[in-house]
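The shown structure was predicted, so the numbers you read here are calculated from the model rather than taken from an experiment. Computation of the quantities below employed the complete heavy-atom set of this structure, encompassing side-chain atoms and omitting hydrogens, waters and symmetry-equivalent molecules.
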Amino acid sequence: MQEWSSPVIVLNTRPYGETDGIVSVLSLEQGLFRGLVKGMISRRQISIWQTGNFVNVDWSAKLSDQLGYFKGELIRSNFAILSSCPLAFSAMLSLCAVSESGLLERQPVEYIAKSSFQYLDFVAENPTNSNKEIVPRLLRWELNFLAALGYALDISICYESDKCQSFFVSPRTGKVVTEVMAGKWKSKLFPFPSFFLNEEENGNQKDWMNGLKLSRYFLEKNVFSSINKDLPRARKNFEERVAANIDNF
């Protein structure tokens with residue numbers, strides 16, 4: 001018998017038969033993992049297996065390569081906490097969708113999992129007081145997601161130059177350059193908001209939109225196109241929500 005237990009983030013669920021469901025979770029030690037939940041659609045269980053929730057799961061299977069079964073105990077219902085906070089809720093759905101679609105199953109990704117727990121813990125603890133931090137924190141998470149998968153931007157120039165100046169990113173190489181280095185090619189490069197370099201900064205609305213476009217480009221280019229998938233709809237929805245409400249932040 002193969003077994004493991006761990007706190008997880010519920011990333012996605014889909015019905016399987018009339019009463020059961022297949023659940024995707026993210027674990028510190030197991031990475032992206034899928035399992036069958038018996039009776040998931042039942043009134044007793046449906047609230048446990050909501051996207052974004054923290055759940056303590058037990059997984060078991062006769063053989064290690066089988067789908068196996070999940071049993072779970074709710075730790076915190078982030079889904080319910082954030083459902084009345086549109087921006088935070090959309091950010092949570094985006095993080096879960098990018099993780100579920102972009103990670104390889106059963107490959108340990110401790111850094112990504114840890115930072116995902118930290119991000120969701122932050123927004124769930126501060127659902128109505130964190131609007132100015134939700135976007136830059138998620139964008140830093142996305143660049144860290146790319147880096148953990150081997151697609152880090154080359155930001156070495158940022159540590160060699162005056163951090164007060166403007167930086168830009170080459171869409172071809174992912175290398176960050178100064179405005180002087182960009183020269184006549186500046187219009188073809190992505191602006192690189194300073195909140196990517198300093199976690200104490202949140203940037204402004206223009207920075208957020210520049211960061212969203214930059215991160216989306218490299219997620220599509222380096223992660224999803226390589227596995228013949230589109231950028232998750234939830235990620236697109238998050239960017240659209242930020243753009244539509246930009247004057248309200």
Side-chain angles (χ1 to χ4, degrees), residues 31 87 91 94-95 97-99 101-104 107-120 122-123 130-227 229-232 235-236 238-243 246 249:
L87 183 66
S94 179
L95 181 150
V98 168
S99 298
S101 297
L103 294 175
L104 295 176
Q107 298 294 317
V109 283
E110 182 176 357
Y111 180 75
I112 293 174
K114 184 178 180 180
S115 61
S116 299
F117 271 102
Q118 290 172 339
Y119 182 82
L120 295 181
F122 167 78
V123 293
S130 58
N131 273 1
K132 292 188 182 300
E133 295 185 60
I134 286 172
V135 179
R137 279 178 178 255
L138 184 63
L139 287 170
R140 287 193 288 265
W141 177 88
E142 289 184 346
L143 287 200
N144 288 333
F145 180 90
L146 284 162
L149 295 182
Y151 303 113
L153 300 183
D154 181 356
I155 63 172
S156 57
I157 192 67
C158 300
Y159 301 107
E160 301 168 5
S161 308
D162 180 0
K163 291 186 179 180
C164 293
Q165 64 182 298
S166 297
F167 294 100
F168 296 82
V169 184
S170 166
R172 185 176 65 84
T173 65
K175 184 177 178 63
V176 179
V177 298
T178 65
E179 187 169 9
V180 172
M181 294 169 66
K184 65 179 182 179
W185 304 104
K186 175 181 170 181
S187 63
K188 298 183 181 297
L189 307 182
F190 290 110
F192 189 64
S194 59
F195 64 72
F196 282 126
L197 300 172
N198 184 355
E199 293 188 0
E200 300 300 318
E201 290 188 31
N202 294 321
N204 56 35
Q205 294 91 334
K206 182 179 179 180
D207 293 328
W208 296 353
M209 292 311 302
N210 285 335
L212 284 162
K213 292 173 184 176
L214 164 68
S215 183
R216 167 169 40 92
Y217 175 83
F218 285 104
L219 283 170
E220 289 178 326
K221 175 186 175 184
N222 294 330
V223 178
F224 294 104
S225 66
S226 65
I227 54 177
K229 290 183 179 180
D230 291 330
L231 187 73
R235 172 57 171 79
K236 296 177 182 178
F238 178 68
E239 185 168 340
E240 290 168 4
R241 177 173 292 278
V242 174
I246 203 72
F249 296 116

Let me check something: any side-chain donor-acceptor pairs from residues 143-154 under 3.5 Å, sequence neighbours excluded? List them with distances.
residue	atom	partner	partner atom	Å
Asn144	ND2	Tyr111	OH	3.4
Asn144	ND2	Arg140	O	3.2
Tyr151	OH	Asn222	O	3.3
Asp154	OD1	Ser156	N	3.2
Asp154	OD1	Ser156	OG	2.8
Asp154	OD2	Lys175	NZ	3.3

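Using a 4.5 Å heavy-atom threshold, the side chains of Leu212 and Met209 count as touching. Side chains of Val242 and Glu239 form no contact here, defined as non-hydrogen atoms less than 4.5 Å apart. Considering only heavy atoms from C-beta on, Val177 stays 4.5 Å or farther from Trp185 through its side chain. Leu197 places a side-chain heavy atom less than 4.5 Å from the side chain of Phe192. With a 4.5 Å cut-off on side-chain heavy atoms, Phe167 and Ser194 do not count as touching. With a 4.5 Å cut-off on side-chain heavy atoms, Glu220 and Ser225 do not count as touching.
Judged purely by atom type and a 3.5 angstrom limit, Ser101 uses its side chain to pair as donor or acceptor with the backbone of Ala97. The main-chain N or O of Ile112 is found under 3.5 Å from a side-chain atom of Ser115 such that the two form a donor-acceptor pair. The backbone N or O of Asn202 lies less than 3.5 Å from a partner atom in the side chain of Trp208, making a donor-acceptor pair.
Across every non-hydrogen atom of Ala91 and Ile134, the tightest pair is CB-CG2, 3.7 Å. Listed here is the closest heavy atom pair of Gly102 and Ile227: CA-CD1, 4.4 Å. Scanning both residues, Leu139 and Phe196, for their nearest heavy atoms gives O-CE2, 3.5 Å. Scanning both residues, Phe190 and Pro171, for their nearest heavy atoms gives CE1-CB, 3.6 Å. The two residues Ile157 and Thr178 make their nearest non-hydrogen contact at CG1-CG2, 4.0 Å. Of all the heavy atoms in Phe168 and Pro191, the pair that sits closest is CD2-CA, 3.7 Å.
Here Ser116 pairs with Trp141 under the side-chain hydrogen bond (donor to acceptor under 3.5 Å, both in side chains) rule; sequence neighbours left out. Every residue two or more places apart in sequence or in another chain that forms a side-chain hydrogen bond (donor to acceptor under 3.5 Å, both in side chains) with Ser170 is listed here: Thr173. Partners of Lys221 by side-chain hydrogen bond (donor to acceptor under 3.5 Å, both in side chains), not counting sequence neighbours: none found. Scanning for side-chain hydrogen bond (donor to acceptor under 3.5 Å, both in side chains) contacts around Glu199 gives an empty result, with sequence neighbours left out. Phe122 pairs by the ring pair (Phe, Tyr, Trp, His ring centres under 6.0 Å) definition with nothing, not counting sequence neighbours.
Here the CD-OH distance, from Glu142 to Tyr119, works out to 9.0 Å after rounding to the nearest 0.5 Å. Rounded to the nearest 0.5 angstrom, Ser215 OG and Leu231 CG are separated by 8.5 Å. Here Arg235 contributes atom CZ and Arg216 contributes atom CZ; the two are 7.0 Å apart, rounded to the nearest 0.5 Å. Distance check: Ser94 OG to Arg241 CZ gives 12.0 Å after rounding to the nearest 0.5 Å.
Under a cut-off of 6.0 angstrom, the local environment of CD in Glu240 is crowded, with over 12 non-hydrogen atoms contributed by other residues, nucleotides or ligands. Shown here is Lys229, whose NZ atom has more than 12 heavy atoms of other residues, nucleotides or ligands within 6.0 Å. Shown here is Lys213, whose NZ atom has no more than 12 heavy atoms of other residues, nucleotides or ligands within 6.0 Å.
For the pair Arg137 and Glu133, the salt-bridge criterion is met [side-chain N within less than 4.0 Å of a carboxylate O].
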